[in-house]
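No experiment lies behind these values; they were computed from the predicted model shown. Computation of the quantities below employed the complete heavy-atom set of this structure, encompassing side-chain atoms and omitting hydrogens, waters and symmetry-equivalent molecules.
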Amino acid sequence: MTEHLHLLHILHELQQKHRYISEKSICEVAAQLSLPVSQVRAVVAFYAFFYSTPCGRYHILFSNCTSCGYRAGGTDLLRLLSQKLSVNIGQTRKDEQVSIDETSCIGMCDHGPSLLINGVPLVHLDAEKIEQIAALIEADKPLNEWPPAWFHVKDHIYKRGLLLDSSLSAGDGLRAMLTRGREGTLTEIIQSKLRGRGGAGFSTGLKWRLCQQAAGEAHYVVCNADEGEPGTFKDRMLLQQHADALCEGMTICAYVIGAYQGFIYLRGEYRYLLPHLQATLMHRRKLGLLGTAILGQTEFDFDIDIVVGAGAYICGEESALIESLEGKPGIPRSRPPFPVAHGYLGQPTVVNNVETLIAATHITCKGSAWFTALGTPASTGSKLLSISGDCAAPGIYEYPFGITIQQILDECGAVNVQAVQVGGPAGTLLDQTAFNRQLAFEDVGTGGSFMIFNQERDILTIIHQFAAFFAHESCGFCTPCRVGTILLKQGLDKIMIGQGARNDMAELQRVSELVRRYSHCGLGHTAANPILDGLQYFSQAFEQRLTPYDFTARFKLDAALQEARQLTRHDGKEAHLEQGQD
């Protein structure tokens with residue numbers, strides 16, 4: 001499979017050309033790729049960045065993340081722009097000039113309020129810039145005539161450590177690998193105790209060994225660059241500044257497991273990085289570091305394609321990512337079998353994230369002892385953090401495992417801190433009593449997100465936003481997650497508007513445990529984490545909004561009848577329930 005023939009890429013081109021994907025286009029694509037029409041239709045329906053009705057010529061998606069969301073200085077920038085352009089949120093204006101909506105975190109959390117316009121990030125929003133954006137759209141100015149500084153995404157790196165302080169030249173890792181040999185290289189990775197940096201923390205060396213030993217017609221290496229956890233943006237920097245080391249790590253893995261093909265699965269929000277990554281691949285091919293006979297080794301062939309996602313948080317889960325690579329909706333697979341034995345196209349596949357593969361390159365060059373000199377016995381090496389929220393210097397920090405939460409807060413200039421969300425919404429919500437805990441797999445693990453909330457924040461609003469995120473991002477495959485995440489959001493909705501009773505807190509606890517226990521994949525297993533942590537550590541935030549009654553209804557019956565009154569055009573007094581009857 002080549003990049004230009006991938007289903008997601010073809011659909012993206014159609015989306016760009018026509019601003020939506022019609023039923024006719026779906027049928028034509030199905031015929032072109034010899035796929036069932038139902039499969040192509042399901043893919044279009046599954047991914048958030050594909051539309052079945054036309055978007056505007058200027059299609060704007062505001063990030064609704066707690067860190068890079070659309071509020072600035074007390075102003076709701078999303079609603080301000082919709083008012084300026086006279087377009088309803090979630091709709092396309094009648095003249096099809098503009099459409100505005102919101103989307104999940106776009107990975108710009110160190111840049112303040114941000115949006116995507118025609119897929120391109122625009123950062124550091126404020127009310128003045130919103131006024132200027134509205135004027136440019138009404139004047140029909142193409143994006144290449146907008147101020148270039150608006151689109152500049154700077155990587156804010158405030159602390160460099162084991163990986164970011166080390167410099168490598170293209171090919172250094174591969175030459176060290178050839179010197180060590182296949183088994184020697186794998187032994188070095190195993191002895192380093194490198195664990196997956198995406199959050200799960202599985203042994204990288206063991207994963208490679210299992211894949212190497214698995215029988216198959218082909219083996220594959222996949223880089224998970226679908227960094228979708230809200231509050232995470234470290235991979236954005238690594239892809240921009242360390243793409244060579246990433247490709248080298250994939251090539252080292254390929255040599256160890258016997259793979260000839262690899263894929264970088266890039267999240268749709270980072271599509272703007274595609275030209276840079278493609279240029280990196282081309283340069284490596286010219287240097288003899290990718291393609292056939294790498295570094296003159298006649299039996300060492302390996303190349304990398306890039307597949308760009310289309311807006312689906314669930315594709316960060318490795319089996320869902322593989323499904324997406326295969327041109328399907330990103331619905332997680334039942335496991336076992338695991339991807340190391342039955343992955344892409346049913347063949348043995350290693351899936352590692354960006355940071356893990358870059359770490360493997362450095363370990364191959366410098367040895368396992370260099371890596372294990374830092375960290376803890378169970379969590380060796382360093383961890384890159386994406387720090388955002390209420391601190392003086394949001395950005396990227398690299399720390400050795402074992403550092404405390406409080407030390408991190410002190411270094412990034414966070415004061416008067418109420419809570420820290422480590423690992424994104426799927427991670428752990430900590431209160432002040434836990435700030436002495438350590439960042440480590442054996443204590444507080446993380447994929448990299450570190451969100452800070454000061455005492456001025458309403459922590460229940462944060463938890464409510466996280467619940468809404470999971471309800472929106474559930475793939476809908478299993479009932480516990482599909483229904484449970486909605487029930488959790490609705491339960492919080494009720495408490496947020498002051499209609500929740502004490503038994504509603506108990507119901508949140510009960511449903512949370514059900515979602516965690518019976519969901520099909522990791523999304524459901526972690527979706528209730530913010531609520532469970534909130535009930536344990538911030539119960540007062542819930543209790544202060546409760547009514548004094550033992551029970552209140554989830555909805556107002558009279559309000560629920562409003563649609564019927566509109567349809568019948570009968571809205572007199574007799575069409576309303578008397579007070580107290582709902």
Just by distance, do the side chain of [X] and the backbone of [Y] share a donor-acceptor pair under 3.5 Å?
X	Y	result
Thr232	Glu229	yes
Asn224	Gly316	yes
Lys159	Tyr399	no

Applying side chain to side chain contact (heavy atoms under 4.5 Å, CB included) to Leu508 and Phe542, what does each step give before you reach the verdict?
CA-CA 11 Å; Leu508 279 175; Phe542 293 79; 4.1 Å; yes

Any idea which heavy atoms bring [X] and [Y] closest together, and the distance?
X	Y	result
Ser63	Cys105	OG-CA, 3.6 Å
Met496	Arg545	O-NE, 3.6 Å
Gly534	Ile463	CA-CD1, 3.7 Å
Gly381	Leu162	CA-CD2, 3.9 Å

With ring centroids as reference points, do Phe441 and Phe401 lie under 6.0 angstrom apart?
yes

Could you give all pairs that pass the side chain to side chain donor-acceptor pair (under 3.5 Å) test and reach residues 438-450, with sequence neighbours left out?
Thr376-Glu442, Ser379-Glu442, Arg437-Asp443

Could you pull out all residues at least two apart from [X] that satisfy ring pair (Phe, Tyr, Trp, His ring centres under 6.0 Å)?
X	answer
Tyr158	Tyr397
His12	none
His156	His111
Tyr313	Phe469

Can you list the residues that meet the side-chain hydrogen bond (donor to acceptor under 3.5 Å, both in side chains) rule with [X], with sequence neighbours excluded?
X	result
His242	none
Lys489	Asp493
Gln432	none

Would you kindly say whether [X] and [Y] are connected by a side-chain donor-acceptor distance under 3.5 Å?
X	Y	answer
Ser192	Ser368	no
Asn529	Arg516	yes
Glu317	Ser319	yes
Thr404	Gln407	yes
Ser324	Tyr47	yes
His525	Ser519	no

List in chain and number order the residues that pass salt bridge (Lys or Arg N to Asp or Glu O under 4.0 Å) with Asp533, two or more places apart in sequence or in another chain; answer none if no residue qualifies.
none

Lys/Arg N to Asp/Glu carboxylate O, Lys366 vs Asp172, below 4.0 Å:
no

Is Lys494 salt-bridged to Glu507, going by a charged N under 4.0 Å from an acidic O?
no

State, with a plain yes or no, whether a side-chain heavy atom of [X] is found less than 4.5 Å away from one of [Y].
X	Y	result
Tyr272	Pro121	yes
Gln240	Leu273	yes
Pro230	Ser104	no
Ile252	Leu174	yes
Phe62	Ile89	no

Could you name each residue pair satisfying salt bridge (Lys or Arg N to Asp or Glu O under 4.0 Å) that touches [range], not counting sequence neighbours?
range	result
residues 58-83	Arg71-Asp76, Asp76-Arg79
residues 107-120	Asp110-Arg236
residues 372-397	Glu355-Lys383, Asp390-Arg457

Candidate pair Gln132 and Trp150, rule side chain to side chain contact (heavy atoms under 4.5 Å, CB included), full reasoning
CA-CA 11 Å; Gln132 294 172 313; Trp150 289 6; 3.3 Å; yes

Go through the steps to decide whether Phe49 and Glu269 satisfy the test side chain to side chain contact (heavy atoms under 4.5 Å, CB included), and finish with yes or no.
CA-CA 9 Å; Phe49 291 168; Glu269 292 83 350; 3.6 Å; yes

The single option from Ile452, Asp431, Ile405 that satisfies side chain to side chain contact (heavy atoms under 4.5 Å, CB included) with Val417 is Ile452

Salt bridge (charged side-chain N to carboxylate O under 4.0 Å, His left out) with Lys84: of Glu131, Glu138, Glu128, only one passes, and it is Glu131

May I have the step-by-step check of salt bridge (charged side-chain N to carboxylate O under 4.0 Å, His left out) for Lys234 and Glu398, ending in yes or no?
CA-CA 10 Å; Lys234 64 181 179 63; Glu398 184 181 11; over 6 Å; no

Full working for side chain to side chain contact (heavy atoms under 4.5 Å, CB included) between Cys247 and Leu281:
CA-CA 8 Å; Cys247 296; Leu281 295 180; 3.6 Å; yes

